[in-house]
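It should be emphasised that the depicted structure is a prediction, and the values quoted were computed from it without experimental measurement.
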There are 2 protein chains.
Amino acid sequence: MSPTIKDIAQLLHLSVSTVSKALNEYPDVAPETKQRVQEAARLLDYSPNVIAQRLQSRRTGTLGFVVYYGGNSISDPLFNELLASMLDAAAHHQYDLLVSGCPSGTSRPAAYERMIKTGRVDGFIVDGTDRHDDRIAYLCREEIPFVAFGRTDQNLDFPYVDVDGRAGVCQAVQHLIDLGHQRIGFIGLPSFSFCAHDRRQGYETALQTNDLPLESDLMVEVEAGSEENGYRAMVQLLELSHPPTAVMVSSDLMAIGALRAAQERNLAVGHDLALIGFDDISLAAYTHPPLTTLRQPMAEIGQRLVDMLVCLLENKPLPERHVILLPPLIVRQSSGERRDNP
Amino acid sequence: MSPTIKDIAQLLHLSVSTVSKALNEYPDVAPETKQRVQEAARLLDYSPNVIAQRLQSRRTGTLGFVVYYGGNSISDPLFNELLASMLDAAAHHQYDLLVSGCPSGTSRPAAYERMIKTGRVDGFIVDGTDRHDDRIAYLCREEIPFVAFGRTDQNLDFPYVDVDGRAGVCQAVQHLIDLGHQRIGFIGLPSFSFCAHDRRQGYETALQTNDLPLESDLMVEVEAGSEENGYRAMVQLLELSHPPTAVMVSSDLMAIGALRAAQERNLAVGHDLALIGFDDISLAAYTHPPLTTLRQPMAEIGQRLVDMLVCLLENKPLPERHVILLPPLIVRQSSGERRDNP
DNA sequence: ATTATATACTAAAACGTTTTCGGTGTCAAG
DNA sequence: CTTGACACCGAAAACGTTTTAGTATATAAT
């Protein structure tokens with residue numbers, strides 16, 4: 001077994017309390033003994049047992065992160081970046097990150113309930129919020145510390161970080177309009193998801209602002225943000241009697257599918273057809289043509305999520321309770337040049 | 001605070017020991033009291049505190065998984081699938097999975113040392129092995145339970161799951177040869193990585209078996225498996241005075257880059273040029289043309305890794321100490337049809 | 001000389017479990 | 001009536017820490 005505080009105490013003929021205090025920089029221990037204790041600790045290769053510390057302090061020093069296989073959580077191409085930045089930030093604050101799946105057959109709040117009630121974690125990061133989110137409702141009701149990546153349409157006040165999908169898409173669509181497009185399609189995701197709805201709203205407001213009509217034919221909604229679904233949605237748009245000249249796509253993965261659909265019909269994307277995606281996944285810069293898209297700053301998001309959660313857990317005041325980040329528009333070739341004949 | 005065993009004991013005028021035993025199905029507790037205890041537990045909404053359980057049992061019930069930002073660990077497109085299947089399997093065995101980054105500035109074994117010595121985890125899953133891997137050496141030396149995804153060239157006996165990259169690539173290259181190709185290129189990764197070296201060997205043995213010469217010009221090695229690197233490597237091959245007619249690429253992401261390089265030169269992949277990737281990432285089926293590739297069965301890999309580690313931790317005999325899975329060749333269009341004029 | 005104060009240490013409780021051991025009480029066998 | 005067996009329950013220790021309260025000694029103030 002690894003050495004304990006008791007071993008150090010016996011070695012130096014001290015009590016465990018003195019050793020503990022020496023290791024934790026208490027004032028009431030002689031500088032000389034402090035020295036001796038620390039040397040002995042090094043000698044024995046001692047590390048404190050975190051389990052015992054957690055039991056005594058009643059804090060786990062662990063952040064919970066529940067992922068879903070079905071949803072766009074773990075299968076999202078940006079998931080890796082989010083996880084990496086959260087791990088980084090958590091380590092920085094000396095916290096662990098416990099990732100947990102949601103066992104199929106149990107409700108979503110149940111996964112959170114289990115983790116908090118059994119004392120596995122101190123709080124949660126929840127991502128991929130719905131407009132009406134049962135997890136958020138549960139966590140608010142039970143007053144469990146958490147920070148969400150995403151907002152909801154419920155009337156609940158909770159700390160979150162989010163990307164302004166509405167403003168982002170609005171800007172992107174405006175860009176298309178400025179390029180001379182009049183018929184602009186939209187490929188979106190089911191609107192129970194907050195961000196899906198948010199992005200759609202950005203599309204609608206951009207059109208309305210420019211006195212362009214909203215045509216339901218031009219807006220297609222798919223179930224999940226896969227390449228395949230983007231392909232199919234694009235096919236549907238291109239088969240319209242009066243197809244769009246530009247399409248705003250809610251995710252890069254779908255945009256890649258849309259790209260393929262257009263190319264199979266011998267449309268030169270960036271010329272015959274403008275396309276804009278959302279996410280700026282690493283591949284986006286390398287499609288043919290490179291994809292114009294809205295970048296989600298995942299590194300910053302992950303870091304702010306855990307910074308905020310740590311504040312909450314340590315009862316420090318939160319600098320900002322609601323953080324909304326603007327996704328910059330990364331203009332590449334898929335959105336094309338200015339059109340002469342609209 | 002959440003209720004403890006003590007609360008139940010007080011409510012029923014019992015001792016904590018009897019309550020504990022009632023909850024854990026001990027034989028020496030009357031059926032009737034057992035009943036009463038379980039009802040009270042339900043009434044109070046009691047869940048056992050895992051921290052206390054862990055301290056008492058000296059087992060954490062937690063599997064450790066260390067990821068690196070730099071390496072091909074977390075940035076790998078298959079990482080998500082691996083993580084998902086490990087989470088699933090871990091939950092099935094009632095284990096937690098603690099994911100930890102490797103703080104920059106510390107050595108790789110140090111990350112493992114910290115987790116095990118502080119009692120955060122019972123054992124590890126390590127992935128992305130090198131031919132000479134300091135982490136594996138450390139874990140073996142310290143006799144810390146772990147299972148690796150990947151082998152090494154060190155003379156160490158440890159349990160692992162791996163994909164037979166050599167046999168897989170050999171089969172793929174043989175497929176190209178059977179299609180009539182004589183000049184076959186190879187785009188690989190740095191050979192300190194075991195699997196990179198393994199795949200290259202598959203390429204070499206396939207050529208040798210067919211009495212084809214090994215030309216160093218045709219083998220290019222890049223630093224990381226990105227789209228960009230695949231693109232550059234392909235450009236290099238195509239600029240050869242006598243370029244290959246087929247190329248085996250060590251990862252799908254690079255293959256996508258290679259695809260782009262070929263297309264920019266107006267080569268019809270699957271016709272003028274054959275291309276085979278490795279991984280079968282979700283996008284592989286949706287490139288243009290769809291990518292022939294070797295599938296890594298991540299779901300099975302993740303599950304077997306944790307099944308094996310759990311066996312180790314519970315002192316159960318390991319059904320197989322070394323599992324080697326054959327990556328099936330998924331033939332799509334990028335490898336093309338049989339060539340008439342070789 | 002007495003009291004106050006500071007210094008350096010220890011004992012003991014606590015965190016919430018599990019588990020060993022011993023102690024009842026009941027009942028049947030001798 | 002004694003003995004043992006059995007069924008049921010509780011006391012207590014243990015896991016490795018932290019922290020509170022307290023003790024002993026030395027030093028300073030009165």
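Looking at A:Arg304, its side chain never comes within 3.5 Å of a backbone N or O of A:Gly302 through a donor-acceptor pair. With hydrogens and angles disregarded, a donor-acceptor distance shorter than 3.5 Å links the side chain of A:Asn24 to the backbone of A:Ser20. The backbone N or O of A:Tyr68 lies less than 3.5 Å from no partner atom in the side chain of A:Arg108, so there is not a single donor-acceptor pair. A donor-acceptor pair under 3.5 Å is absent between the side-chain atoms of B:Asp162 and the main chain of B:Ile324, judged by distance alone.
Look at A:Arg141 and A:Asp134 and you find no salt bridge, because none of the NZ, NE, NH1 or NH2 atoms lies under 4.0 Å from a carboxylate O. For the pair A:Asp157 and A:Arg321, the salt-bridge criterion is met [side-chain N within less than 4.0 Å of a carboxylate O]. A salt bridge between A:Asp28 and A:Lys34 is absent, with no side-chain N of the basic residue lying under 4.0 Å from a carboxylate O of the acidic one. Under the 4.0 Å criterion applied to side-chain N and carboxylate O atoms, B:Arg151 and B:Asp130 are not assigned as salt-bridge partners.
Among the atoms of the strands shown, only primed sugar atoms or phosphate atoms (P, OP1, OP2) are found under 4.0 Å from some heavy atom of A:Leu14. B:Asp28 comes within 4.0 angstrom of a base, heavy atoms only.
In this structure, CG of B:Leu23 is placed 13 Å from P of C:dT19, rounded to the nearest angstrom. At whole-Å resolution of the value, CZ in A:Arg59 and P in D:dT17 are 19 Å apart. The nearest whole Å value for the distance from the CG atom in B:Leu12 to the P atom in D:dC9 is 11 Å. Counting to the nearest Å, the C1' atom of D:dT17 and the CD1 atom of A:Ile8 are 12 Å from each other. Across the protein-nucleic acid pair, A:Glu25 atom CD and C:dA8 atom C1' stand 16 Å apart, rounded to whole Å.
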Protein-nucleotides 12-15 of chain D N/O pairs closer than 3.5 Å?
from: D:dC15; atom 1: O2; to: B:Gln56; atom 2: N; distance (Å): 3.3

Protein-nucleotides 23-28 of chain C N/O pairs under 3.5 Å:
none

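Both B:Ser15 and A:Pro48 lie close to DNA chain D; mapped to their nearest nucleotides by heavy-atom distance, the more 5′-ward contact belongs to B:Ser15.
Ring pair B:Phe124/B:Tyr112 is perpendicular by interplanar angle, where above 60° counts as perpendicular and below 30° as parallel.
Of the listed nucleotides (D:dC8, D:dT19, D:dT17), D:dT19 has the atom at the smallest distance from the side chain of A:Lys21.
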